[in-house]
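Heavy atoms only: backbone and side chains are in, while hydrogens, waters and symmetry mates are out.
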Amino acid sequence: LRLGQADAALQAAQQSLLLAQSFQDQHAQIAAYRVLAELHGQYDLALEGVVPGGSPVLHYLQLAHAIALQIAGYAMPDDLLDAIANAHAAVNQHEAAFRFARQANQARQKMHATDAARHAVAMQVRQHTERIHAEAEHHRQLAKAEARRAEILQQASHHLAHLGAIGQEITAHLDEVSVFGVLDSHVRSLLDVSSFAIYLTSQDGLALERSYGMEHGKALPFSRFEWANSETFVARCLREQ
C-alpha cells in the first residue's frame with residue numbers, strides 16, 4: 001500500500017484476513033479489515049457483492065468494530081472509532097458520525113486517565129526504589145562511620161592531651177603577650193596556618209582592636225574594626241554573629 005501497489009496490497013490483505021479467520025485470531029482480523037478499509041479509501045477497487053450504504057470503507061470498518069465488540073476486555077481504539085465516524089460523515093450519516101466521534105473522545109479520555117494512573121504507579125515504584133537505595137547507602141555510611149569513629153576517637157584523645165598541655169603552659173604565664181605567643185605557636189602546630197591574630201574589644205566597646213598578630217614570622221600592624229562600619233566584613237560578621 002505504501003508503495004502504491006494497490007492490487008498487491010489488496011491480495012495480501014485478503015490472504016491475511018483468511019489466515020486470521022482460519023486461526024480465529026480476532027485481533028488479526030481487525031487489523032486486516034482496517035487495511036482493507038484504507039485500501040478502498042485510497043483506491044477505486046472492485047468489490048464483490050453489494051455493500052450496505054454503498055461505502056466499502058464503512059463496510060470494512062464496521063466489520064472490524066463488530067469483531068472488537070466480541071473481545072472481552074478489549075479497549076476500543078479511538079482512531080478506529082474516529083475512522084468510523086469519518087466514514088459515516090462521508091455518506092452523510094451525520095447522526096451516526098456524531099455518535100462514533102463522541103465514543104472516540106470518551107476512549108481517548110479513558111486512555112489518558114489510564115496513562116495517568118500508570119504514570120502515578122511508576123512514580124511510586126521509582127520513589128520506593130530510590131528510598132531503598134537511600135536506606136542502603138545510609139547503612140553503608142553508618143558502617144563506614146563506625147570504622148572511622150575509632151580513628152577519630154584516637155585522634156581526639158591525642159588532641160585533648162595536646163590541649164591540656166597548652167592550658168598548663170598558658171596558666172604558667174601572667175602577661176597577655178606571653179599567652180598570645182603560646183597560643184600562636186600551638187595553633188601552628190595543630191593547623192596549617194600562615195597568619196595568626198587576636199582581637200579584643202576596645203575600651204569604648206565600639207570596635208575590635210588587634211592586640212596580637214603574626215604573619216609569615218612578621219608582626220602585623222595595629223588595626224581597628226568599627227562595629228557600625230557597614231563596609232567592613234569583620235564588622236558585619238560581628239553584628240550578625
Return the minimal non-hydrogen interatomic distance between A85 and A101, and the atom names on each side.
CB-N, 3.6 Å
So L208 and E226, side-chain contact (heavy atoms from CB on, under 4.5 Å) or not? Walk me through it.
CA-CA 7 Å; L208 282 182; E226 301 288 342; over 6 Å; no
Is F100 close to N86 at the side-chain level, that is, under 4.5 Å between some pair of heavy atoms?
no
Looking at R2 and E38, is any side-chain nitrogen of the basic one under 4.0 Å from a carboxylate oxygen of the acidic one?
yes
Is the shortest heavy-atom distance from the side chain of R108 to the side chain of N105 under 4.5 Å?
yes
So, taking the atom named CG in D82 and the one named CG in L61, what distance separates them when rounded to the nearest 0.5 Å?
11.0 Å
For residues Y33 and L17, determine if any side-chain heavy atom of one lies less than 4.5 Å from a side-chain heavy atom of the other.
yes
List the atom of G4, the atom of Y43, and the distance in Å for their closest heavy-atom pair.
CA-OH, 3.3 Å
Tell me if the CD atom of E130 is crowded by more than 12 foreign heavy atoms within 6.0 Å.
yes
When clusters are formed by joining ILVMFWY residues with side-chain heavy atoms under 4.5 Å apart, either directly or through shared neighbours, do L69 and M111 land in the same one?
no
Quick one: do E215 and K218 make a salt bridge, cutoff under 4.0 Å?
no
Do E209 and L200 have side-chain heavy atoms sitting under 4.5 Å apart?
no
Can you measure from CD (Q29) to CD1 (I67) and round to the nearest 0.5 angstrom?
4.0 Å
Is it true that, when you exclude Q155 itself, more than 12 heavy atoms of the residues, nucleotides or ligands shown sit nearer than 6.0 Å to its CD?
yes
Decide if the gap between the ring center of F98 and the ring center of H88 is smaller than 6.0 angstrom.
no
Examine I71 and L63 and state if one hydrophobic cluster contains both, with Ile, Leu, Val, Met, Phe, Trp and Tyr joined whenever side-chain heavy atoms are less than 4.5 Å apart.
yes
Within 6.0 Å of CD in Q70, more than 12 heavy atoms from elsewhere:
yes
Side chain to side chain, H40 and H59, heavy atoms closer than 4.5 Å:
no
With the side chain counted from C-beta on, respond yes when L183 and F196 share a heavy-atom pair under 4.5 Å apart, and no when they do not.
yes
Verify, without hydrogens or angle tests, whether R210 (side chain) and P221 (backbone) share a donor-acceptor contact under 3.5 angstrom.
yes
So does D115 have more than 12 non-hydrogen atoms from other groups sitting under 6.0 Å from CG?
yes
Which heavy atom in A6 sits nearest to a heavy atom in L39, and how many Å separate them?
O-CD2, 3.9 Å
Over all atoms of both residues, closest heavy-atom pair of A37 and V57:
O-CG2, 3.5 Å
Looking only at heavy atoms, what is the nearest atom pair of G181 and Y212, with distance?
CA-OH, 4.1 Å
Transitively linked via ILVMFWY side-chain contacts under 4.5 Å: V182 with L191?
yes
With heavy-atom distances below 4.5 Å as the criterion, would you say the side chains of V125 and H128 are in contact?
no
Nearest 0.5 Å, what's the CG-NZ distance between D78 and K110?
12.5 Å
Determine whether V187 and L220 fall in the same hydrophobic cluster, where Ile, Leu, Val, Met, Phe, Trp and Tyr are linked whenever their side-chain heavy atoms lie under 4.5 Å apart.
no
Let's go through L10 and Q14 carefully: what are the C-alpha distance in whole Å and the side-chain angles of both, what is the deciding distance for side-chain contact (heavy atoms from CB on, under 4.5 Å) to 0.1 Å, and is it a yes or a no?
CA-CA 6 Å; L10 178 61; Q14 289 173 338; 3.7 Å; yes
Any side-chain heavy atom of R149 sitting closer than 4.5 Å to one from I152?
no
Going by an N to O cut-off under 4.0 Å, is there a salt bridge joining R224 and D204?
yes
Between OG of S195 and CZ of R188, what distance do you get to the nearest 0.5 Å?
7.0 Å
More than 12 non-hydrogen atoms from neighbouring residues, nucleotides or ligands closer than 6.0 Å to CZ on F222, yes or no?
yes
Quick one: CZ on R99 to CG on L81, what's the gap to the nearest 0.5 Å?
11.0 Å
One should read off an interatomic distance between M214 CE and S194 OG, to the nearest 0.5 angstrom, of 12.0 Å
Donor-acceptor contact below 3.5 Å, side chain D184 vs main chain F180:
no
Any donor-acceptor pair under 3.5 Å linking the side chain of S157 with the backbone of Q154?
no
